[in-house]
There are 2 protein chains.
Amino acid sequence: MSPRPAESDGADLVERTALAIRDLLIDGRLRPGQQLVEPALAAALGVSRNTLRESFRILMHEGLLLRHPNRGVFVHAPDVAEILDIYRVRRIIEEQAVRGAAPKHPGLAAVRAAVGQAVRLRDAGDWNGVGTENMRFHAALVALADSPRLAELFARLQAELRLAFVTLDSPEYLHDPFVDENRRIVALLDDGRMGEAADALDAYFTRSERTVLAAIERGRATRPR
Amino acid sequence: MSPRPAESDGADLVERTALAIRDLLIDGRLRPGQQLVEPALAAALGVSRNTLRESFRILMHEGLLLRHPNRGVFVHAPDVAEILDIYRVRRIIEEQAVRGAAPKHPGLAAVRAAVGQAVRLRDAGDWNGVGTENMRFHAALVALADSPRLAELFARLQAELRLAFVTLDSPEYLHDPFVDENRRIVALLDDGRMGEAADALDAYFTRSERTVLAAIERGRATRPR
DNA sequence: CTTCGCGAGTCGTTCAACGATCCACGCTAG
DNA sequence: CTAGCGTGGATCGTTGAACGACTCGCGAAG
């Protein structure tokens with residue numbers, strides 16, 4: 001369709017293609033377990049097979065795609081163990097980021113903003129928006145560590161988690177009950193009581209983990225095998 | 001040298017090529033800042049340009065290579081800020097892994113083994129070996145968290161750090177004074193005193209960071225600009 | 001001494017091709 | 001009727017060549 005690769009944007013074609021596929025994934029238009037055949041997808045995206053393969057490399061290293069050698073690449077369908085692993089890493093990173101954050105850290109503004117927006121969206125009934133804002137909230141917490149590497153790692157984790165949510169198509173409502181909790185955390189942070197905020201986060205994670213596991217079990221019962 | 005890409009091994013050619021380049025990097029045969037010209041390197045490694053480009057993607061995402069759009073890829077030369085960032089992340093990960101480790105964790109065997117081997121190699125005067133064993137030691141600590149994602153992240157960090165050491169060609173002796181400290185840490189772990197072990201690690205990091213920074217300054221003075 | 005333009009060197013991307021590998025299906029033998 | 005055993009089709013893995021686009025250094029013009 002687009003003979004000219006002048007599709008605008010900033011990065012190179014490979015990166016843009018990876019982005020496009022990422023969108024297809026979180027939109028759920030590519031289902032977990034599904035195979036991504038190279039010629040077909042390349043044609044659909046209007047890029048060459050080589051370019052597509054480079055994009056696959058990126059997404060594989062992000063844990064979103066999985067390659068079976070000589071058989072093709074498939075959308076990764078995370079199992080329980082992997083979801084738990086993601087939460088384990090999140091717990092470590094977020095809690096330490098919060099615990100070690102400087103009082104009056106400039107990044108706190110972003111944290112506040114995310115919570116505020118989430119409250120507004122919840123009152124408007126926009127659950128999808130609440131979910132997005134919740135992710136922003138946690139990313140802002142990690143940003144308090146002032147570590148580019150940690151931030152990037154976390155972004156990847158969030159992408160994986162998103163895919164996991166798609167996998168067990170249990171969407172936004174998972175985030176709803178936590179808005180008030182987030183508000184409490186941000187209050188603690190504004191007060192400079194980082195340790196208590198971290199502890200609150202810890203409780204958050206235990207609860208959130210339980211919720212997710214329940215959703216998994218429920219899904220497994222509904223759609224067995 | 002190797003016209004036939006039949007170098008065997010397990011993974012696909014792209015992965016093997018990435019490994020080969022990684023080796024060139026930590027061997028110091030590719031100096032930081034140096035450009036990697038695609039046709040030349042492809043010929044040298046006996047792979048096609050497309051394959052090489054896929055390998056580049058991997059290494060770029062690992063932080064070892066850097067791409068200047070439309071100019072080529074270069075060996076990443078980490079600056080002070082980045083080295084500090086690596087240490088920041090290491091501190092968070094390793095300390096939490098240790099703090100949360102179960103007593104009598106099976107992984108402790110690997111930790112003990114690394115320290116024992118380091119002591120032996122030090123007495124034999126094999127500083128290079130001591131350095132390697134030190135890396136193994138820290139990787140074993142991270143493994144105590146039982147998190148594949150954390151382990152993989154840490155492996156990447158170590159690769160980056162290795163590159164950093166090559167950058168300021170200050171090699172193994174950085175690891176020497178820490179062997180005894182490591183021994184103390186493993187003793188604490190065997191005792192089930194995880195908190196104290198984590199605290200010891202914290203001290204280790206502050207000191208190690210200082211040493212590295214000193215080496216950087218020294219390097220900057222020796223070989224300015 | 002500064003600026004402009006040009007040419008060489010590379011990158012970015014595509015296309016076509018070919019052997020290798022895997023899988024499903026149908027056929028044969030027991 | 002069931003268990004193997006080809007065999008063909010689909011797809012991957014990798015290559016080589018091609019061509020426009022971009023960057024940079026260098027020499028000429030002002």
Side-chain angles (χ1 to χ4, degrees), chain A residues 1-22 24 30-61 64-77, chain B residues 1-22 24 30-62 64-77 225:
Chain A
M1 265 294 97
S2 64
R4 292 279 158 271
E7 288 288 339
S8 70
D9 250 293
D12 55 15
L13 226 203
V14 173
E15 213 78 49
R16 271 179 284 147
T17 304
L19 198 73
I21 299 178
R22 232 180 263 120
L24 291 183
L30 290 177
R31 299 295 307 173
Q34 177 178 348
Q35 179 172 13
L36 273 56
V37 293
E38 293 179 2
L41 190 55
L45 295 176
V47 303
S48 89
R49 200 153 78 91
N50 286 311
T51 302
L52 182 65
R53 281 179 127 262
E54 280 192 58
S55 304
F56 278 174
R57 285 284 164 193
I58 297 177
L59 297 169
M60 281 163 37
H61 263 67
L64 301 181
L65 262 34
L66 196 52
R67 147 167 285 134
H68 294 222
N70 276 318
R71 303 218 304 114
V73 311
F74 300 78
V75 181
H76 185 203
Chain B
M1 270 291 99
S2 63
R4 290 279 156 270
E7 289 289 340
S8 71
D9 251 291
D12 57 12
L13 187 55
V14 173
E15 214 77 48
R16 273 179 282 147
T17 303
L19 198 74
I21 299 178
R22 232 180 263 120
L24 291 183
L30 290 177
R31 300 295 306 172
Q34 177 178 347
Q35 178 170 12
L36 273 57
V37 190
E38 292 180 3
L41 191 54
L45 295 176
V47 303
S48 89
R49 201 152 79 89
N50 285 313
T51 301
L52 181 64
R53 282 179 126 262
E54 280 192 56
S55 305
F56 279 175
R57 283 287 161 189
I58 297 177
L59 297 169
M60 280 163 37
H61 262 68
E62 286 177 0
L64 301 181
L65 262 36
L66 195 53
R67 149 168 282 136
H68 294 222
N70 277 315
R71 304 217 304 114
V73 311
F74 300 78
V75 180
H76 184 202
R225 243 208 156 285

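Labels below follow one simple rule: chain letters A, B, ... track the order of the sequence lines, proteins then strands, and each chain is numbered from 1.
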Checklist outcome for this item: Contacts of B:Thr51 and A:Pro39 projected onto DNA chain D by closest heavy atom; the upstream (5') one is A:Pro39

Checklist entry - Under the 3.5 Å rule, do the base of C:dT13 and the side chain of B:Arg49 count as making a donor-acceptor pair? => result yes

Between [atom2] on [N] and [atom1] on [X], what's the gap in Å once rounded to a whole number?
X	N	atom1	atom2	value
A:Asp12	D:dC22	CG	C1'	14 Å
B:Glu38	D:dT15	CD	C1'	15 Å
B:His68	C:dG12	NE2	C1'	17 Å
A:Leu52	C:dG12	CG	C1'	16 Å
B:Arg16	D:dG13	CZ	C1'	11 Å
A:Arg53	C:dC15	CZ	P	16 Å
B:Asn70	D:dC22	CG	C1'	5 Å
A:Glu54	D:dG13	CD	C1'	14 Å

Checklist entry - For C:dT21, does OP1 or OP2 lie under 4.0 Å from any side-chain N or O of A:Arg71? => result no

Checklist entry - Would one find a side-chain N or O of B:Arg67 under 4.0 angstrom from OP1 or OP2 of C:dC11? => result no

Checklist entry - Just checking A:Asn50: base, sugar-phosphate only, or nothing, at a heavy-atom cut-off of under 4.0 Å? => result base

Checklist entry - Is A:Leu36 touching bases, backbone alone, or none of the nucleic acid, heavy atoms closer than 4.0 Å? => result sugar-phosphate

Select one nucleotide: of [options], the one nearest the side-chain heavy atoms of [X].
X	options	value
A:Val47	C:dG12, C:dT14, D:dG13	C:dT14
A:Val37	C:dC22, C:dC11, D:dC12	D:dC12
B:Gln35	C:dT10, D:dC24, C:dT13	C:dT10
B:Ser48	D:dT15, C:dT14, D:dC24	D:dT15

Checklist entry - Can you check whether B:Ile21 reaches B:Leu41 side chain to side chain, under 4.5 Å on heavy atoms? => result yes

Next on the checklist: Measuring only between side-chain heavy atoms, which start at C-beta, is A:Glu54 closer than 4.5 Å to A:Thr51?
Outcome noted: no

Checklist entry - Short question: side chain of B:Gln35, backbone of B:Arg71 - any donor-acceptor pair under 3.5 Å? => result yes

Item to check | Electrostatic pair B:Arg57-A:Glu15, nearest N-O below 4.0 angstrom | outcome: yes

Checklist entry - Taking atom CG of A:Leu24 and atom CG of A:Leu45, what is their separation to the nearest 0.5 Å? => result 6.5 Å

